[in-house]
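What follows is one structure encoded as structure tokens, with my remarks underneath.
No experiment lies behind these values; they were computed from the predicted model shown. Count residues from 1 along the sequence.
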Amino acid sequence: EVQLVESGGGLVQAGGSLRLSCAASGFTFDDYAIGWFRQGPEKEREGVSYIFSGDGTTYYADSVKGRFTISSDVAKNTVYLQMTNLKPEDTAVYYCAGLLGVVAGAPKGELDYDYWGPGTQVTVSS
């Protein structure tokens, strides 16, 4: 059974940093795409960052570019989202989502992903 579990969320002051982890199990960590999505209060869920295992290509939404970094550790079957210079508008529940058997890059739409973690809350105070 494929499972994704996020961790690392919490409460941080504006300007601070957090590192989210997405631990994957139940599949071999190759030919995959992992996306980080978030849903803030009274907002729709949005894609934040993606990584494609095939060539390590990464993608960032404009709102987080230069502040967030996505990376993967194949040995640990884990994808990370390093978040720096956090802003109150980054407050949201953060989800990681997975898609297996990917050959042509990470898709950007949430409907493209088959597996989802339960989410982790990130709260940034001003």
Between Phe68 and Tyr94, what is the ring plane arrangement, given parallel below 30°, perpendicular above 60°, and tilted in between? tilted

Out of curiosity, does Trp116 fall in the hydrophobic cluster containing Val93 (side-chain heavy atoms, cut-off under 4.5 Å, transitive links)? yes

Treat each ILVMFWY residue as a node, draw an edge where side-chain heavy atoms are under 4.5 Å apart, and state whether Leu4 and Ile51 are in one component. yes

How close do Leu99 and Pro107 get, counting heavy atoms only, and between which atoms? CD2-CG, 3.6 Å

Can the ring centres of Tyr113 and Phe37 be said to be less than 6.0 Å apart? yes

May I ask whether Leu20 and Tyr80 are part of the same hydrophobic cluster, defined by side-chain heavy atoms of I, L, V, M, F, W, Y residues being less than 4.5 angstrom apart, directly or through others? no

Would Gln121 and Thr91 count as a side-chain contact (heavy atoms from CB on, under 4.5 Å) here? Give the steps. CA-CA 8 Å; Gln121 176 71 47; Thr91 294; 4.0 Å; yes

Testing Arg45, Glu44, Gln39, Glu46 one by one against Glu110 for a side-chain contact (heavy atoms from CB on, under 4.5 Å), which residue passes? Arg45

Under 4.5 Å between any side-chain heavy atoms of Arg38 and Val64, yes or no? yes

Looking at Ser63, is its backbone amide N or carbonyl O close enough to the side chain of Lys65 to form a donor-acceptor pair, meaning the two atoms are under 3.5 Å apart? no

Distance check, rounded to the nearest 0.5 Å: Trp36 atom CH2 versus Ser49 atom OG? 9.5 Å

Any side-chain heavy atom of Tyr60 within less than 4.5 Å of one from Ile70? yes

Tell me whether Val48 is reachable from Ile34 by hopping between hydrophobic residues (I, L, V, M, F, W, Y) whose side-chain heavy atoms are closer than 4.5 Å. yes

Considering all heavy atoms, the nearest Glu6-Thr120 contact: CB-CG2, 3.9 Å

Joint cluster assignment, Val12 & Leu81, ILVMFWY side-chain distance < 4.5 Å: yes

Considering all heavy atoms, the nearest Gly119-Tyr95 contact: CA-CD2, 3.6 Å

Which heavy atom of Gly35 sits nearest to which heavy atom of Tyr50, and what is that distance? CA-CD2, 3.7 Å

Quick one: does Met83's side chain get under 4.5 Å of Asp90's, heavy atoms only? no

Please check if atom NZ in Lys43 has more than 12 non-hydrogen atoms from other residues, nucleotides or ligands closer than 6.0 Å. no

Taking every heavy atom of Pro88 against every heavy atom of Ser126, the minimum-distance pair comes out as CG-CB, 3.9 Å

